[in-house]
Amino acid sequence: MGRRFNVISATIALSVFASYFSFAQGQQQKSGRLGGSFDRHNNQFRSPGERRGPGERFFQLSPEERQAFRKNAERWLRMNPEQQKLLRQRYELHSQQLKNEAEATLRQSGLRLDQNARDQFEARYLQERRKIERQLREQFEAKRDQELPQLNERLKKEFQSRQSTPGATSTSTPAVSVTPIR
């Protein structure tokens, strides 16, 4: 019963996420943009009539992206409405910040582009920006994973030496998770 409930809950969460993001994408296109959308898997643009549904887009994701999506959906289900609202606001703020950076990059380049080319430029900027941020995050995580065993050994030695001194009392500390929340 519990496992079945988790599968159903995850499916509902995936649907909510997919519909939320497709709704957000639809709002962007209705807000005065001409042209279609960028298909990041084929590195091509689609005309407005070629839009894909949320389910089809989900299966276009790589296995790693699907797994991350599922984890995020499960986290979303565990959030209360205030946390969900806060997360939406942070997402909108981050999206607007990235859009502003793409526009600034376009201005600094000195290019004069029509609206369709501007949209393509913005989509490519965002795609490459995500790739850079993913690479940096992976490098950071690899470096952290490399240095954590050394930290653990140092702390172990430090606290073992305190424990072995006469008259020292041991105090327990709560366990701390070193896994980041994504």
Note, Lys131 side chain near Gln127 side chain (heavy atom, < 4.5 Å): no
Check: Arg70 and Phe58 side chains under 4.5 Å, non-hydrogen atoms: yes
Non-hydrogen side-chain atoms of Leu86 and Glu82 separated by less than 4.5 Å: no
Hphob cluster co-occupancy, Leu61 + Phe59, side-chain heavy atoms under 4.5 angstrom: yes
Nearest-0.5 Å distance that lies between atom CD in Gln89 and atom NE2 in His94: 15.5 Å
Flag side-chain contact, heavy atom, 4.5 Å: Arg154 against Leu151: yes
NZ on Lys85 to CZ on Arg88, rounded to 0.5 Å: 9.5 Å
By side-chain hydrogen bond (donor to acceptor under 3.5 Å, both in side chains) - contacts of Lys157 (at least two apart): none
Value rounded to 0.5 Å, distance of CZ in Arg66 from CD in Glu64: 9.5 Å
Between CZ on residue Arg129 and CG on residue Leu126, distance to nearest 0.5 Å: 8.5 Å
Test log, rule side chain to side chain contact (heavy atoms under 4.5 Å, CB included), inputs Leu106 and Arg118: CA-CA 8 Å; Leu106 181 59; Arg118 290 176 68 87; 3.4 Å; yes
Distance (rounded to the nearest 0.5 Å) between Leu77 CG and Asn72 CG: 11.0 Å
Trace of the side chain to side chain contact (heavy atoms under 4.5 Å, CB included) decision for Glu103 with Asn100: CA-CA 5 Å; Glu103 290 172 1; Asn100 292 343; 4.1 Å; yes
Salt-bridge present (Arg162, Glu158; N to O < 4.0 Å): yes
Ion pair Arg137/Glu133, N-O distance below 4.0 Å: no
Passing option when Glu141 is tested against Gln139, Arg144, Lys143 for side chain to side chain contact (heavy atoms under 4.5 Å, CB included): Arg144
All salt bridge (charged side-chain N to carboxylate O under 4.0 Å, His left out) counterparts of Lys71, not counting sequence neighbours: none
Gln83 side chain to Asn80 backbone, donor-acceptor under 3.5 Å: yes
Single-linkage hydrophobic cluster, 4.5 Å side-chain cutoff, Leu148 and Leu155 together: yes
Side chains of Phe121 and Arg124 in contact at under 4.5 Å (non-hydrogen atoms): no
Backbone of Trp76 reached by a side-chain donor or acceptor of Gln84 within 3.5 Å: yes
